[in-house]
Amino acid sequence: MPNDTPLLERAYHFEKTTPDRVYMTQPTGGGAVTTYTWKQTLDEARRMAAHLTSLDLPPKSNIAILSKNCAHFILSDLAIWMAGHVSVALYPTLAADTVKYILEHSEAKLLFLGKLDTWDDMKPGVSDSLKVIAYPLAPPTDYDKWDDIVKKTDPVEGEPMPEPGDLAIIVYTSGSTGQPKGVMHSFANIAEAAHGATEALGSDTNDRMLSYLPLAHVFERYVVESGSLYTGFEVFFAEALDTFVSDLQRARPTLFVSVPRLWLKFQLGVFQKMPKSRLDFLLKVPIISGKVKKKILGGLGLDSVRIAGSGSAPIPAALIDWYRSLGLELLEGYGMSEDFGYSHFSMPGRSRSGYVGEPLPGVEVKISPEGEVLIRSPGNMLGYYK
């Protein structure tokens, strides 16, 4: 299969070859979860794709998603792609004026509304004329409900497939340099990035990840969504901030990527239970150090992690060294919205503190005469929307 084959083809592959294998696990409150096998995933996506097709939207319409991470976010992407449209995700923490700007700038024809903490504040940014479909975990509204639609809609048949060069997603930047910019990525971009990461990290169907960094951000879209669709590994979702550790313990991820702030929070949580001086002493005692390391990582839900990464900002060398003292080789990476996050990563056994790593497969990098870092990546964007 060519490296740029749209991820939809991979999803169809798992639908046929491992239909009963669990793909996604979604917390639904109070410790309860709903699981989605590959068969169930594609069935729901096919039904929603049929509904989108029935709306007679213009070909390749932009369809927006406003939600925290959840299974229906990925279901929506699959449905949007099957129906021949483009996915536009919005951060679930935006102010109403930014929501309004992105929906208008992208000319979104429909909005999927999901898990949100501040919907009342964001709602003024959504035009009354925009059609909205609400996920099961969305705030109470009068909008059409996802579950009602899929129950009454027959699924799309066959294997609808976009061209590799077609536009797949528009990722709006955070707006730190002015109004958010719509970064355009094709199906080939995201597929080649998923292929390269799989090749570099050796991920496969036996891996597990917890999805909690915003799927509206290019990094989570690349590592979790694209990675899981490419390799077929299982994705778990976090329920809320105060259940994060229990969500981690449920998932027992083998691949785990976070940001420096959270790695620090984990460390401080350990120190609250055991003073740093005592922990440092115990880690130097050969007879018990192994048990202490195992207990700490197990308590965090990280005892099964084989690749741990950090990105988005520099992480203190001392923090990296501390995790490595526990037997967790914390690796750093670097990427941008404009290259789908597919740029540099520290390889296991070939890393050092403060080093964002080597170019991933297919990536070329050099320094310009002006001192700028120049990157040519298979994930390089098509351009900025408009």
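Both backbone and side-chain heavy atoms feed into the values below; hydrogens, waters and symmetry mates do not. Along the sequence shown, the residues carry numbers beginning at 1.
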Ser87/Asp77 under side-chain hydrogen bond (donor to acceptor under 3.5 Å, both in side chains): CA gap, chis, key distance, verdict: CA-CA 6 Å; Ser87 174; Asp77 267 352; 2.5 Å; yes
Over all atoms of both residues, closest heavy-atom pair of Phe73 and Ala89: CZ-CB, 3.6 Å
Within one Ile-Leu-Val-Met-Phe-Trp-Tyr cluster: Val235 and Val22, side-chain cutoff 4.5 Å: no
Under 3.5 Å side-chain donor-acceptor pair for Asp207 and Ser203: no
Glu329 side chain vs Gly349 backbone, donor-acceptor pair below 3.5 Å: yes
Connected via hydrophobic side-chain network under 4.5 Å: Phe244 and Leu137: no
Asn206 atom CG, over 12 foreign heavy atoms within 6.0 Å: yes
Ring centers of Trp322, Phe271 separated by less than 6.0 Å: yes
Salt bridge (Lys or Arg N to Asp or Glu O under 4.0 Å) evaluation trace for Glu159 with Lys16: CA-CA 11 Å; Glu159 297 184 355; Lys16 290 183 291 188; 3.2 Å; yes
Nearest heavy atoms of Pro139 and Gly114, plus distance in Å: CD-O, 3.3 Å
Over 12 foreign heavy atoms within 6.0 Å of NZ, Lys293: yes
Where Gln249 and Gly299 come nearest, the two heavy atoms and their spacing: NE2-O, 2.8 Å
Residues Asp339, Arg376: salt bridge by 4.0 Å N-O rule: no
Path from Trp146 to Val33 over hydrophobic side-chain contacts below 4.5 Å: no
Cationic N near anionic O, under 4.0 Å, Asp43 to Arg46: no
Close side-chain approach of Leu110 to Leu55, heavy-atom, < 4.5 Å: yes
Check: Asp303 side chain, Lys294 main-chain N or O, donor-acceptor pair, under 3.5 Å: no
Salt-bridge contact Lys131-Asp144 (side-chain N to carboxylate O under 4.0 Å): yes
Proximity of Phe112 and His72 rings by center, below 6.0 Å: no
Side chains of Val183 and Val218 in contact at under 4.5 Å (non-hydrogen atoms): no
Parallel, tilted or perpendicular: ring planes of His105 versus Tyr101, cut at 30 and 60 degrees: parallel
Side-chain heavy atoms of Val305 within contact of Leu255, under 4.5 Å: no
Check: Arg208 main-chain N/O paired with Thr254 side-chain donor or acceptor under 3.5 Å: yes
Expected output: side-chain Thr98 to main-chain Leu94 donor-acceptor under 3.5 Å: no
Neighbour count above 12 (heavy atom, 6.0 Å) for Leu374 CG: yes
same_hphob_cluster(Leu268, Leu279) at 4.5 Å side-chain heavy-atom cutoff: yes
Least distance between heavy atoms, Trp38 atom then Gly232 atom: CZ2-CA, 3.7 Å
Minimum side-chain heavy-atom gap Glu220-Glu225 below 4.5 Å: no
Pair Lys151 + Glu44: basic N to acidic O under 4.0 Å: no
Whether Asp148 side chain and Lys145 backbone form a donor-acceptor pair below 3.5 Å: no
Main-chain N/O of Ser127 paired with Lys100 side-chain donor or acceptor, under 3.5 Å: no
Criterion salt bridge (Lys or Arg N to Asp or Glu O under 4.0 Å) on Asp247 and Arg250, from CA distance to verdict: CA-CA 5 Å; Asp247 293 328; Arg250 177 191 299 116; 3.0 Å; yes
Polar side chain donor-acceptor pair, Gln40 to Tyr23, under 3.5 angstrom: no
Near-ring test Tyr212/Phe256, centroid separation under 6.0 angstrom: yes
Donor-acceptor contact present, side-chain Ser310 to main-chain Glu332, <3.5 Å: no
NZ (Lys386) with more than 12 external heavy atoms under 6.0 Å: yes
Side chains of Asn69 and Ser211, donor plus acceptor under 3.5 Å: yes
Atom NZ of Lys39 with >12 non-hydrogen neighbours under 6.0 angstrom: no
Polar side-chain atom of Ser67 near backbone of Leu113 as donor-acceptor pair, under 3.5 Å: no
Check against side-chain hydrogen bond (donor to acceptor under 3.5 Å, both in side chains), Tyr135 and Ser76: CA-CA 10 Å; Tyr135 294 161; Ser76 296; 2.6 Å; yes
Closest heavy-atom pair and its distance - Ala83, Leu52: CB-CB, 3.9 Å
4.5 Å side-chain heavy-atom contact, Tyr334 and Ile375: yes
Any donor-acceptor pair under 3.5 Å from Ser368 side chain to Glu372 backbone: yes
Positive for side-chain hydrogen bond (donor to acceptor under 3.5 Å, both in side chains) with Glu234, one of Thr25, Thr35, Thr205: Thr25
Joint cluster assignment, Met48 & Val156, ILVMFWY side-chain distance < 4.5 Å: no
Flag side-chain contact, heavy atom, 4.5 Å: His85 against Leu57: yes
The single option from Ile190, Asn189, Val363 passing side-chain contact (heavy atoms from CB on, under 4.5 Å) against Pro378: Val363
CZ/Arg261: more than 12 non-hydrogen atoms of other groups inside 6.0 Å: no
Any side-chain heavy-atom pair of Met347 and Leu201 under 4.5 Å: yes
Under 3.5 Å: donor-acceptor pair, side chain of Tyr385, backbone of Tyr172: no
Tyr323 and Gln267, any side-chain heavy atoms less than 4.5 Å apart: yes
